[in-house]
S.K.: 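Quick one: structure below, then a few questions.
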Amino acid sequence: MRSVARMIASFGGCGFAPRAPGTVGSLAALLVGIPLLQHAAWMGIAIALCCVIGYWATATVSGGEDHGWIVIDEVAGMWLSMWPLAPLSPFSLRWADIFWLVLAFALFRLFDITKPGPVGWFDRRHDAVGIMGDDIVAGMGAGLIVMALHAIA
């Protein structure tokens, strides 16, 4: 089961990228997440499953340390930052849609890297809750900003 957990935690191996594995994992999550945006419910189910299965995988392989190759947390966070854009068809993306997706990506990465407020609190925990939690909170923050800006645009 450790090899399955390792594959999930690395999001199919994305976490083993030689440079910037968190960014690579976030970009992979963005690309995999676009088709899920067709229906908000699909994205919601995917996020819930990612959080639960990601927690299990992270707890199984991390030993309490946030190894750089563990990127399933970035997947959950990235999907949370994109969720306000649903419904969105991957077959008819407009330039405006791409702008919003890039903004969601950029805000999520900004929060994940700078670790403001509660993101940093979770990051200082040395367990699976902390590993998953900092990116989930970063994704929620990015998603709220995307939602607010999208509503007024």
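Sequence positions, counted from 1, serve as the residue numbers for this chain. Keep in mind that the numbers below use all heavy atoms, side chains included, and drop hydrogens, waters and symmetry copies.
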S.K.: Do Ile145 and Phe105 land in one hydrophobic cluster if side-chain heavy atoms of ILVMFWY residues count as linked below 4.5 Å?
M.R.: yes
S.K.: Do the side chain of Trp79 and the main chain of Met43 share a donor and acceptor less than 3.5 angstrom apart?
M.R.: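 No: the side chain of Trp79 does not pair with the backbone of Met43.
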S.K.: Check whether any side-chain heavy atom of Pro87 sits under 4.5 Å from a side-chain heavy atom of Gln38, and report yes or no.
M.R.: no
S.K.: Would you check if Val61 and Trp69 make a side-chain contact, meaning some heavy-atom pair closer than 4.5 Å?
M.R.: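 Sidechains of Trp69 and Val61: in contact.
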S.K.: Do Asp112 and Glu74 have side-chain heavy atoms sitting under 4.5 Å apart?
M.R.: yes
S.K.: Do any N or O atoms from the side chain of Thr58 and from the backbone of Tyr55 form a donor-acceptor pair under 3.5 angstrom?
M.R.: no
S.K.: In the structure I gave you, are the side-chain heavy atoms of Ile53 and Ile72 within less than 4.5 Å of one another anywhere?
M.R.: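 A side-chain contact is absent here, since even the closest heavy-atom pair is not under 4.5 Å.
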S.K.: Main chain of Met132, side chain of Asp135: is a donor-acceptor contact present, judged purely on distance under 3.5 Å?
M.R.: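 No; judged by distance alone, with no hydrogens or angles, the pair does not exist.
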S.K.: Within the structure provided, determine whether Phe11 and Asp73 are in side-chain contact (heavy-atom separation under 4.5 Å).
M.R.: no
S.K.: For the pair Trp100 and His150, name the ring-plane relationship: parallel under 30°, tilted 30 to 60°, perpendicular over 60°.
M.R.: perpendicular
S.K.: Taking the hydrophobic residues Ile, Leu, Val, Met, Phe, Trp and Tyr, and joining any pair whose side-chain heavy atoms are under 4.5 Å apart, which ones share a cluster with Leu144?
M.R.: Met147
S.K.: Quick check for you: to the nearest 0.5 Å, what is the distance between Ser26 atom OG and Met78 atom CE?
M.R.: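 The CE atom of Met78 is 7.0 Å from OG of Ser26, to the nearest 0.5 Å.
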S.K.: Name the residue from Arg124, Arg125, Lys115 that meets the side-chain hydrogen bond (donor to acceptor under 3.5 Å, both in side chains) definition with Asp134.
M.R.: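 When Arg124, Arg125, Lys115 are each tested with Asp134, the side-chain hydrogen bond (donor to acceptor under 3.5 Å, both in side chains) holds only for Lys115.
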